[in-house]
Amino acid sequence: MSSTQPAQTTPRRYQLFIDGQFVDAESGKTFKSPNPATGETFAEVAEADKADVDKAVAAARKAFEGKWSKMSARDRGRLLYKLSQLIEEHAGELATLETMDNGKPIKESTYIDLPGVVENFEYFAGWSTKIEGETIPVPGQMFNYTLREPVGVCGQIIPWNFPLLMAAWKLAPALAAGNTVVLKPAEQTPVTAVELGKLIAEAGFPEGVVNIIPGFGETAGAALASHPGIDKIAFTGSTEIGKVIAKAAAENLTKVSLELGGKAPNVIFADADLDQAVNGAMMGIFFNQGQVCCAGSRLFVEAKVKDEFLARFKEKADKIKVGDPMDKATLMGPQVSMEQLNKIKSYVAIAREEGATVFSGGASPELEGAFQNGYFFQPTIFSEVDNTMRVAQEEIFGPVTSVITFDNDDDLLRQANETMYGLSAGIWTRDITRAHRFAKAVKAGVVWINTYNMFNAASPFGGYKQSGYGREMGKHALELYTQVKSVWVDLSGKPIGWFGK
Ligand code: NAI
Ligand code: MG
């Protein structure tokens with residue numbers, strides 16, 4: 001295999017971005033971020049800890065009380081728009097860095113992640129001037145109105161599966177609403193967040209409005225989530241850590257929003273267009289190496305089309321090009337880390353123990369050269385899965401789907417909802433009544449009918465049940481980043497009579 005991976009000699013170096021400056025960690029510590037395609041060190045990054053979190057929160061507070069709150073909504077919007085343009089100008093370079101740090105195919109970072117990042121900053125730039133209060137028709141000689149104000153200093157902790165896009169989902173609405181931010185990227189993928197810091201500085205945001213502090217979860221993340229100086233914490237990641245965050249936040253009654261794991265049902269009825277459904281099943285589970293919170297990882301197939309569907313699905317899955325993520329033709333790169341790869345492998349063993357069949361894939365592919373040390377895994381299909389098995393209930397977060405059969409709508413709906421998660425669901429059918437009935441009855445925050453993994457900055461995204469609370473994107477995201485103040489004004493000019501005239 002010929003490599004298109006740029007030869008790298010020395011790792012790229014990154015610092016923390018605090019109060020408008022690029023600085024080393026107080027401890028002087030750094031950590032290494034490997035390129036998942038080769039295992040080689042891609043970047044060496046300053047490692048934030050509690051002391052840096054304190055500094056960043058103080059800077060964000062100063063900015064919130066100072067310049068940022070005095071800036072007009074229009075100027076805030078213009079800064080966000082300027083940032084979206086700068087990102088667009090640097091999109092090629094950022095997509096390459098994202099692929100080198102995360103492993104996702106360059107085709108994805110170029111055509112999905114980066115355009116999504118630009119779209120989110122652009123969309124929320126427009127909201128800055130449209131955040132309004134209300135007048136309330138209260139009785140008597142009274143005037144009552146509301147002010148919709150920013151929450152304050154926001155701590156934002158994001159995962160590694162869409163590093164820059166998750167930063168955009170979090171930062172754009174927070175800034176549009178007038179908050180300041182301390183953002184902690186995932187330790188696996190810190191690079192593009194710090195690159196974004198450079199563009200934030202270039203766009204002209206006042207210092208301290210955005211602070212970016214790469215570091216580990218148990219140290220920097222925990223210090224941020226439990227910090228008494230923050231007003232809100234927003235988290236995307238595992239349900240397990242979501243609970244840790246919620247508990248830490250409870251200590252200070254810090255506001256919390258959580259976007260957590262999923263085990264989405266992607267449902268194929270016999271009356272579906274099977275070509276569409278096969279492609280939809282692939283998009284549902286193999287996109288981004290299956291490292292997607294809303295991945296269609298429980299593939300429910302109506303029993304009477306199971307054999308035909310599985311044959312077609314396997315044929316296409318086996319043809320997916322897995323390998324060098326910098327190659328434009330690659331459709332699946334490596335998993336993000338050795339830890340994630342090992343987790344996926346452990347589930348293959350679990351599937352076999354539980355009596356499921358490894359119908360396709362199930363191992364790492366044979367690759368050549370430097371890629372032998374990468375964290376690659378084949379597209380994998382488990383069949384003969386029962387919805388109660390661990391492989392049907394636990395988030396694997398890899399290119400691994402569990403095929404479960406069902407006999408009718410009621411049987412399907414019961415099984416689809418038998419999960420602690422409720423992030424998303426998909427359905428493939430030509431029967432519109434059935435599709436909308438399912439959309440209404442399934443307990444999930446997002447439903448796709450005859451499509452999968454569709455997103456837009458204007459459309460809300462978030463979970464039911466243990467997939468979290470709060471909605472990102474769309475006008476709903478602004479609710480997470482604003483609070484309402486009710487103001488009462490007497491219009492009568494008379495004293496309150498209650499205690500006598
Ligand atoms: P994680 O939930 O531990 O990490 C996500 C973010 O939280 C990272 O920035 C991490 O540094 C931070 N974090 C970790 N522990 C923390 C703590 N105690 N306090 C504050 N912040 C903390 O996810 P991890 O370990 O990377 O992956 C484990 C599993 O989580 C995956 O296999 C997958 O199932 C799930 N996951 C789900 C994601 C989603 O989008 N819903 C994204 C990433 C992982
Ligand atoms: Mg973790």
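For ligands, and for the atoms within them, numbers begin at 1 and follow the listed sequence. Keep in mind that this is a model prediction, so the values were computed, not measured.
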Inset, instruction - Pick one of side chain, backbone, both or neither for how Ile245 approaches ligand 1, counting any non-hydrogen atom pair under 4.0 Å. - result: side chain
Inset, instruction - For ligand 1, note which part of Val292 has a heavy atom under 4.0 Å away: side chain, backbone, both or neither. - result: neither
Inset, instruction - Please confirm whether Phe461 and Trp169 have ring centers closer than 6.0 angstrom. - result: yes
Inset, instruction - Check each atom of ligand 1 against the heavy atoms of Gly261 and keep those under 4.0 Å away; list them by number with element. - result: 41 (N)
Inset, instruction - Please name all residues satisfying ring pair (Phe, Tyr, Trp, His ring centres under 6.0 Å) with Phe438, sequence neighbours left out, ordered by chain then number. - result: none
Legend entry - Check: Phe64 ring centre within less than 6.0 Å of Trp68 ring centre: no
Can you list, pair by pair, the side-chain donor-acceptor contacts under 3.5 Å of residues 240-257, counting residues two or more places apart and other chains?
from	atom 1	to	atom 2	distance (Å)
Lys243	NZ	Gln466	OE1	2.8
Asn252	ND2	Ser226	O	3.1
Ser257	OG	Lys232	NZ	2.7

Inset, instruction - Could you tell me whether the side chain of Lys263 reaches within less than 4.5 Å of the side chain of Glu394, counting heavy atoms only? - result: no
Inset, instruction - Give the contacting part of Ala225 toward ligand 1: side chain, backbone, both or neither, where contact means a heavy-atom distance below 4.0 Å. - result: neither
Inset, instruction - Look up atom 26 (O) of ligand 1 and tell me if a protein heavy atom lies less than 4.0 Å from it? - result: yes
Legend entry - For Lys184, atoms of ligand 1 separated by under 4.0 Å from a heavy atom: 9 (O), 10 (C), 11 (O)
Inset, instruction - Heavy-atom contacts with Cys293 under 4.0 Å: which atoms of ligand 1 show up? List them by number with element. - result: 39 (C), 40 (O), 41 (N)
Legend entry - Sub-4.0 Å protein heavy atom next to atom 4 (O) of ligand 1: no
Inset, instruction - Please confirm whether Tyr481 and Trp127 have ring centers closer than 6.0 angstrom. - result: no
Legend entry - Close approach of Gln188 to ligand 1, heavy atoms, under 4.0 angstrom: yes
Legend entry - Per-atom contacts of ligand 1 with Ile158, taking only distances under 4.0 Å to non-hydrogen atoms: 6 (C), 8 (C), 9 (O)
Inset, instruction - Find the distance between OG (Ser459) and NE2 (His476) and round it off to the nearest 0.5 Å. - result: 8.0 Å
Inset, instruction - Give a yes/no verdict on whether any heavy atom in Phe235 is under 4.0 Å from an atom of ligand 1. - result: yes
Legend entry - Interfacing atoms of ligand 1 (cut-off 4.0 Å, heavy-atom, Ala186): 9 (O)
